[in-house]
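Reading through the structure tokens given below for one structure.
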Amino acid sequence: MSQSMEVLDEKKFARYPQQPHGGKLVNRVLTGKERDEAMERAKQMPMIMVDLEAVITLEMIATGVLSPNEGFMVEEDYKSVLTDGRLKNGVVWPVPLSFAPIGERNQQIIKTLSVGDEVALVDDTREPVAILKLEDIFHYDRDFRAFHLFGTTDRSHPGVNSIYRRMGDTALGGPIQLLRRVHWGPFEDIRMEPKETWKLFYEEKKFKSVGGFITGANPLHRGHEYIHRNALEELDGLFVQPLVEMAKREYTRHEFRMLSYRSVLETYYPKERTLLAPLRVTYIFAGPREAVLHALIMKNYGCTHALIGRDHAGIGDFYDKYASHNIFDEYTADEIGIDVRLFHEVFYCTRCDAQATDQTCPHDEQYRINISGTGIRELLRYGVLPPKEIVRPESARIAMQGVQPKGVDENNQAISPVGKTIKSIFPYYLTRSKIGGPKRKTPLKVEELTIEDLEAVITDARENADRIYKEIYNEFSSVSDTLRSVQPDWVASARESIYKQQEMVIDYLEEKTNKAPEKASDEFMYQDKEEAEHELQVARKIIDDIPSPLRAEDLKYRIWNSLPYNRYRG
């Protein structure tokens, strides 16, 4: 094996605060003369056509993203991963790296192969991408894989469907050599491989700790930001990797997601400590197992900490929303080898005036605006900029341009019914007329909500989300400030005016009461003494309810010092 195929310098890694998973950072990329010679050999080998997902996986393996794997798994490793979540040697690995090509021509080629053969893997241009050295050929049981990996064989699960759509009956296992990298289009100039990030983190920036964050189909929102800022309080660096491949069409297109991330990171994050790079991986749709995979990918990029949010890599309702947290209980910290930080669901509490979780906020949903990734995408699709409290406008404005499809159909509905979208973000709206407002006499039904309800709830959020705590603060400051010059004069003037007006009302009512007869001659036209006295009592109670004007001279009693001021100045 040439120098270009050897693992990177293990002595150098020993000085870093992190180590690659399995102890080495794999490098299966051929370069220079050896690559040219291998390319010519590959053109004479049996050829198997591979799709884009397989090409991406080949590159991930070759560049060390999936270390310690050096190729596609042999049957023993493959089954051990599915049943135990570990390679046959005991190293934690949550998802199988298998290769079972489909297609009639591929099947014909596979029938001619034997263990020990080399086969060229080619893309749709029929140009070689990699060479696979066969160490195993085995039967590929799609039901077995689906059940053990996803916990279901339901074809409505996108991962299960992908198995039956993309995988054949025979799997090929063995190490690979990468001959040709895929061009990453608009991301080519900012792509980063693990060998680059280790050097950047620990040699150039001298970090001692780095938090990794892998994110999928959504533009950057304030839930992500909450996690990032918590991490940056204790870690030296933050490495953010949005996934930029194989997202479903109805998600926000990955170019726009990356741009939304850039716009927010450049404006609100510390530039020297925050790094952004695309991660081109295939979606496995493995739910909690994929959360473990992402943690190990972060580890192979050099991160010391993995930041995992609620429902990380979740798929609809197939998994509990905290399954991506609970799965880490199955492994020891030493086995994982990266400090996993688990974050609860983030929402915006208008009463706290902050992003929060159930762990930090005591208020119920009448004050909440939820941060739902799906709901945010649907708001963008409906053509509405989400509240600034859950998505910064710098992110939402760009993401709105990249969401597909856009707009609504003839029934004013997008992909998700408008009622479902409202409920996901504004849970209070079904039972309350506005944020923190009174309860509705009859709760609204999700299926009956319309585009007009969406307009109403968005308007309410824009007008009142940041108003609740502001008005609470205004009340506190009004009764607390002894330096009255910081209070608006018109408030005190209005209160004085109300007080004087009410005194006038009392004066009139006192005179009326004194002259009122014990019994009115016409109860519809005149008042008797008892009724007049009742009105007077109410008027006197109202004057007690009027807040005090609180001028400076009224608050002198609050300020006293037992010694002259110059004694305190030393």
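Using modelled atom types and a 3.5 Å distance limit, the side chains of D334 and T332 yield no donor-acceptor pair.
Put simply, the side chain of H148 reaches to within 4.5 Å of the side chain of T83, judged on heavy atoms. A heavy-atom distance below 4.5 Å is not found between the side chains of R368 and H363. Residues I390 and H221 are not in side-chain contact: their nearest non-hydrogen atoms beyond the backbone lie 4.5 Å or more apart. Residues P386 and L380 are in side-chain contact: their nearest non-hydrogen atoms beyond the backbone lie under 4.5 Å apart. Counting only heavy atoms from C-beta outward, the side chains of L220 and L265 approach each other to under 4.5 Å. Between M258 and L276 there is a side-chain heavy-atom pair separated by less than 4.5 Å. Between Y348 and R222 the shortest side-chain heavy-atom distance does not fall below 4.5 Å. Counting heavy atoms from C-beta on, the side chains of N300 and V26 never come closer than 4.5 Å.
Residues passing the ring pair (Phe, Tyr, Trp, His ring centres under 6.0 Å) test with Y301, sequence neighbours excluded: F239. For E272, the side chain to side chain donor-acceptor pair (under 3.5 Å) test picks out K205, with sequence neighbours left out. The side-chain contact (heavy atoms from CB on, under 4.5 Å) search around D77 returns M73, V74, L87, K88, not counting sequence neighbours. Residues passing the side chain to side chain donor-acceptor pair (under 3.5 Å) test with R142 are D169, sequence neighbours excluded. Not counting sequence neighbours, the partners of T357 by the side-chain contact (heavy atoms from CB on, under 4.5 Å) test are Y226, H344, V346, Q359, T360. With sequence neighbours excluded, the residues that form a salt bridge (Lys or Arg N to Asp or Glu O under 4.0 Å) with E345 are R310, K321. A search for side-chain contact (heavy atoms from CB on, under 4.5 Å) contacts involving S263 returns E394, I398, not counting sequence neighbours. Scored by the side-chain contact (heavy atoms from CB on, under 4.5 Å) test, E255 finds P186, F187, R253 as partners (sequence neighbours excluded). Every residue was checked against the ring pair (Phe, Tyr, Trp, His ring centres under 6.0 Å) condition with H305, not counting sequence neighbours, and none meets it. Qualifying ring pair (Phe, Tyr, Trp, His ring centres under 6.0 Å) partners for F256, counting only residues two or more places apart in sequence or in other chains: none.
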What side-chain donor-acceptor pairs closer than 3.5 Å can you find for residues 128-137, not counting sequence neighbours?
{"from": "K133", "atom 1": "NZ", "to": "G116", "atom 2": "O", "distance (Å)": "3.2"}
{"from": "D136", "atom 1": "OD2", "to": "E75", "atom 2": "N", "distance (Å)": "2.8"}

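The two residues W184 and V182 come nearest to each other via the heavy atoms CD1-O, 3.1 Å.
Note on K199 versus E203: no salt bridge recorded, every NZ/NE/NH1/NH2 to OD/OE distance being 4.0 Å or above. Ion pairing between R180 and E127 fails under the 4.0 Å rule for side-chain N and carboxylate O. The pair D141-K79 does not meet the salt-bridge criterion, since no charged nitrogen lies less than 4.0 angstrom from a carboxylate oxygen.
In terms of modelled atom types and a separation under 3.5 Å, the side chain of N106 and the main chain of G103 share no donor-acceptor contact. A donor-acceptor pair under 3.5 Å is absent between the side-chain atoms of R280 and the main chain of V244, judged by distance alone. A donor-acceptor pair is defined here as one N or O able to donate and one able to accept, closer than 3.5 Å; such a pair exists between the side chain of E196 and the backbone of E193. The closest donor-acceptor contact from the side chain of T350 to the backbone of A465 lies at 3.5 Å or more, if one exists at all. Distance alone, capped at 3.5 Å, places no donor-acceptor pair between the R145 side chain and the L82 backbone. Looking only at distances, a side-chain donor or acceptor of K271 sits under 3.5 Å from a matching main-chain atom of E266.
Rounding to the nearest 0.5 Å places CG of L259 at 10.0 Å from CZ of R397. Interatomic distance, T374 OG1 to N218 CG, rounded to the nearest 0.5 Å: 6.5 Å. Atom CG of D51 and atom CZ of R166 lie 4.0 Å apart (nearest 0.5 Å).
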Practice prompt. Under the salt bridge (Lys or Arg N to Asp or Glu O under 4.0 Å) rule, what do E70 and K24 come out as? Steps first, then yes or no, please.
Written response: CA-CA 11 Å; E70 298 188 6; K24 66 177 181 179; 2.4 Å; yes
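Evaluation of the ring-ring contact (aromatic ring centres under 6.0 Å, His included) test over residues 39-79, restricted to residues two or more places apart or in two chains, returns F72-F99, Y78-F138, Y78-Y140.
A parallel orientation is assigned to the rings of H224 and H228, their planes being inclined by less than 30° (bins at 30° and 60°).
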